[in-house]
Structures are given as C-alpha cells and as structure tokens.
Amino acid sequence: MVIKVYNTLTHKMEVFEPFNPPIIRLYVCGPTVYDYTHVGHARTYVAFDAIKRFLKLKGFETVHAQNITDIDDKIIDRANKEGVSWRDIAEIYTNDYLEALEKLRIEVDFSPKATQHVDEMIDFISKLIEAGFAYESHGSVYFNVDKFLEYGKLSRRTKGEEWRQEEQFMREKRKPYDFVLWKKAKPGEPYWESPWGPGRPGWHIECSVMSCFYLGTKIDIHGGGTDLIFPHHENEIAQSEARYGVKPWVKYWLHTGFLTIKGEKMSKSLGNIIPLKDVFKEHKPEVLRLMLVLTHYRSTIDFSYELLEQYERIYDRLRSCVDLLIRIAHKENLNFKISNQDLKIAERIDEFLLGFIKSMEDDFNGAKAAPYLHDLISISYTSIIPSGKAELALRALNAFKRMNQVLAVLDDVFHTKGFEREFVDKLVKIVIDVRHMHRARGDYEVADKIRELLASLGIKVMDSKDGSTWSYV
RNA sequence: GCCGGGGUAGCCGAGCGGUUAGGCGGCGGGCUGCAGACCCGCUUUACAGGGGUUCGAAUCCCCUCCCCGGCUCCA
C-alpha cells in the first residue's frame, strides 16, 4: 500500500517515494535554546517522531537529524539580561530540550549543535562566495537572492517586496531581501574567526550545513513548524541548492500546524506560553504525546488542560485495557483451540490494525487512525477480556504493539519483564485474597483500607461478581 | 491589502459526490457492601448562510459572513 504525503513545495498530496529506499533521511528544525521548551515545540517534535516511527513500521530505515541552535541573537540577549554567559544559557535550555525529548519518547539519531559546526559553515559560505551567490560586506556575508532564480518557490512568494528581512542591515546589503550568512561580531559579542573577520553564523546557514553534513544532499523529508516556511526554509533551499547545484535538495517539505492557546498563537507579548515543565507537573508526558499523535499533524490544535484531560481518560482506559490483556495472555491455558466466534473476533482485531495503518498511510493522519484504536480497546473490553481467552488476548496485544510503534505511550507496560510481572501478579493476588476474606465476613473497613493502600501504589482494584481484577493506574 | 488554513451535533474531531466515523462530557440503567472500572441505552440523521450543478452534496461551482495564522524573530 502506498503512502501519501502533503508536500508544501507542490501544495499537493503526493505518493511518497524516497530517493533511496529503504533509507529515509529526515531533518527537522530543532529549537533555538534561549528559553524553556514549550507545548508548541512538543507538537512539532512529536509529530515528526510519529511520522518517522510509522515509516519504520512500514519497513523503512530512517536517519533522523534535529539540530540545536545554541548560538543566536536571542541567546546573547538573554545572557546579557541575566548577566551570565551565553554558553550557560545555551546549556540550561539544551538540557531542558533533551529532557523533553526523552520524556516524550522522541528518538533522534543526531542532535548536532550549531557551535560545533562553525568550520563547516565557514567552508560552505566560502563556496557560495566563490560561486557568486554570496558577497562580503563590512565584515558580514550576505546571500545574493537575485542570483537564485527560483527564490520563493517554497513559500510561493513571487514579489521581491515580500522578501524583506533583517532590515537593520540595509546599509550593508545590496537588496532588502538579501539575508545574512555570516554576522560580524560587535564588541563584546561571542565570535569565531573567519576569512571575513570575527563573527558568528547566521541562523539559516546552520540548518543547510548540518543537514547536508549528516544526511547528504538528497534529503527525503525536511520538516518544521509552518512558521518556518518563510524565510527560514526558503533560505535553506536557496543556500543548499546554490551550493551543491542539486534539485531538489529536499524532496518532501512537511510542516506542522500551530498549537494555539484560546485561539491565539503562543507569544512572549501575549504571555501565554506554556512550558512543558508546567504541563508535566500535573500530567504524564505520554498523555500529551497521545493527544499529539492522534491529531493530524497539519491541523491547528487549540491547547487547553481540558483537552489534555480528555486524553488522560483515553490514556488510562488504554493502559488498563492492555494491562488486563497482558494478564490474560500470561495464563497457562494456551491450547489454540479457537471457535468460529473467536475467529470472527480475531478478524475484527486485524481489521482495526489494518484500518489504523491505512489511515496513517494517508498523510500520517493520526486523527483518522484514532477510531481504530478505540475499536480495538472496545472489543477488548466487550469480548476479549470477559472471555479470558489467552489466544484472543495475544492477538489483540499484537495489534496494540504495532499501534504502539507509532504511539509510543505504552512502552513501560510492554517492557515490564516477565519475571517481575509474574511476581507482582502473585503478590497482588495474595493481598486481594486477604482482602476478600475480610469482605466475606463483612469487615469492609479493613477491605476498604487495603484497597486504599493499593491505590496509593498505583494499583486499582475493581470488584465484580466474578471476583476482583486490578490494573495499574 | 496580499497569501494560506478553517467554520461538522454540548465540546473535540474524521469524512471531501451515494453505507447515521469516533472520542470526551451529560443523562438513565446494569454490575457492586460502597466505590471505581467496565457494559447497555439515550443525547445524534450534525455539516456557517444563500444560490447553483447532480438522480443524489457536509463533500463540486459561485456569492456572502465569521474565525485563525503568515507577510521583520518564532516549532
């Protein structure tokens, strides 16, 4: 089955055909580390992580690079304001970012830092000057946009007036829309030595340099938030295609929709930025991740804690369901005797898995895939768990595992070691049995106390006429 | 102003020419010592407004209204 993707470059849905299958080279524009990572960042990074995980599920091999911009005007400004070195600022927020990736189960193969690739950037810029695509002026270097005839093809801006950028350097630039590749250092600013004197790299150049350095000049997917289309990605294309003469340098440009707060974009001036560390105080990272993966990556998400709490319930239901299935699957009554009715259930499980995968094949549409996850949960509760049949539980678990390759919110449930799980099972069963003795004799005070104590360990006990079941909260 | 993305039942949100997607919430019921979880039923034949094309439109075309984003830095 083919995968379809929406390409910002062509504004169309296209059949996904990587340059050199089964390898897929993926570059995602990472953060400038001058402040805490926020939910908007998470949206983009989780979206691309899910896309990558889905491609892996489909049998592709992926190489994923996501840069860290650790030198930039904003970092310098912040350092000056706080009276600390720019390196300290970069380090604090780099750590915050890496921690966020880990919590959200985002796996990146390369996290290159701009400051570690300054030599390559200087070389890249020199080559652009040699080829006539860039010029030195007053100790800075600018890209000569007029020389790159296809400028504007990604953002579909055709008029020069729409390209204005970095206007404060108008005295040095030939055209208002030329952009800086190398920025001359002012006194007191951090700098690196270069053929044009002390300075630091411009913002756009690092992504061109690092993506080509780690992934080569034929990149399958390049992504980021929609706000990066212009000027950042437009400039990256100009730099890279001018430098290497390759076309297209990137085959598929993918952009994530915004995450807004009460309908408005997060911004410093509105003061509505929600840092991840705040979200994680009360909510599990997996809940946020589940919400983000089950929303289409291009649509706007109007974030609210109420919305997140909806997914919290879904997450709890999912977890309990899988947990119960695992316990059934571990029973020793496997005989693979399956009735016709069981077979029908098994077929439906397969249908749900297939539906999930097909939905993801359609431009990684997590929102379209979500109902199949719900169907799988539902059939587990209505048919599989009550039946207590390990054969069916195993089949459902297999489907959940596949879905989880993309979702990545159940890793801890699946990774609990067999022995450990068995031991905990037996231990909890003993406690529950003891509680039953109290219940049988009507001593509900002790029974409730036991239930309460188990709950404090994250173990939820549920009584029914067939005895008690339990699961992790 | 220009360029994008949208407006779908209380809320979130798929579908994008023909089988009442799904979830969340609410209400009622079942189960239960209580509670929770879970199950069943209802809320649900909804698609901004107007016109057109069609045997048939939430889906295509035209007009209007409204919301959000981008157009110096931003995931």
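Below, chains carry the letters A, B, ... as their sequence lines are ordered, and counting in each starts from 1.
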Mate of [N] where both pairing distances stay under 3.5 Å, Watson-Crick or G-U:
N	value
B:U53	none
B:G33	none
B:C42	B:G26
B:A58	none
B:C2	B:G70

Nearest to the [X] side chain among [options], which nucleotide is it?
X	options	result
A:His41	B:C34, B:A75, B:A14	B:A75
A:Tyr381	B:C38, B:G5, B:G23	B:C38
A:Tyr45	B:G69, B:A75, B:A14	B:A75
A:Gln310	B:A75, B:C24, B:G33	B:C24
A:Pro231	B:C73, B:G23, B:A75	B:C73
A:Arg157	B:G70, B:C39, B:G23	B:G70
A:Arg164	B:G5, B:G70, B:U72	B:U72
A:His374	B:G70, B:C34, B:G23	B:G23

Measure CD/A:Glu309 against C1'/B:C11 and give the value in whole Å, please.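 About 14 Å, once rounded to whole Å.
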In whole Å, I'd like the distance from the CD atom of A:Glu351 to the P atom of B:A21.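 The answer, rounded to whole Å, is 18 Å.
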Taking A:Lys173 for its side chain and A:Glu166 for its backbone only, find out whether a donor-acceptor pair lies under 3.5 Å.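 Yes; judged by distance alone, with no hydrogens or angles, the pair exists.
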For the backbone of A:Trp253 and the side chain of A:Asn7, can you confirm whether one donor and one acceptor N or O come within less than 3.5 Å of each other?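 Here the side-chain-to-backbone pair exists.
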Do we see a donor-acceptor contact under 3.5 Å between the side chains of [X] and [Y]?
X	Y	value
A:Asn235	A:Tyr151	yes
A:Asn272	A:Glu264	no
A:Tyr177	A:Asp146	yes
A:His283	A:Tyr315	no

Would you please confirm or rule out a distance under 4.0 Å between OP1 or OP2 of [N] and any side-chain N or O of [X]?
X	N	value
A:Arg317	B:C38	yes
A:Asn365	B:G15	yes
A:Arg313	B:G25	yes
A:Lys368	B:G13	no

Is A:Asp448 side chain donor-acceptor paired with the B:G33 base, going by distance under 3.5 Å alone?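 Between B:G33 and A:Asp448, which were checked side chain against base, a qualifying N/O pair under 3.5 Å is present.
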Between B:C31 and A:Asp463, counting only base atoms on the nucleotide and side-chain atoms on the residue, is there a donor-acceptor pair under 3.5 Å?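 Looking at the base of B:C31, it does not pair with any donor or acceptor on the side chain of A:Asp463 (distance under 3.5 Å).
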Roughly how many Å apart are [M] and [N], using the [atom1] atom of each and rounding to a whole number?
N	M	atom1	value
B:U20	B:U45	C1'	5 Å
B:C60	B:A75	C1'	35 Å
B:G26	B:C62	P	44 Å
B:A35	B:G41	C1'	23 Å
B:G49	B:C55	P	25 Å

Once you apply a heavy-atom cut-off of 4.0 Å, does [X] come out as touching a base, just sugar-phosphate, or nothing?
X	answer
A:Thr382	sugar-phosphate
A:Ile229	nothing
A:Val461	base
A:Arg78	nothing
A:Gly263	sugar-phosphate
A:His232	nothing

Lys/Arg cation over aromatic A:Tyr135: A:Arg174, 6.0 Å, 45° cone: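 Pair A:Arg174/A:Tyr135 counts as cation-pi.
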Hey, is A:Tyr444 stacking on B:G33? Ring centres under 5.5 Å, planes under 30°.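 Stacked: ring centres under 5.5 Å, planes under 30°.
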By nearest heavy atom, map A:Gln165 and A:Ala370 onto RNA chain B; which one lands nearer the 5' end?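 Comparing both residues, the 5'-ward one is A:Ala370.
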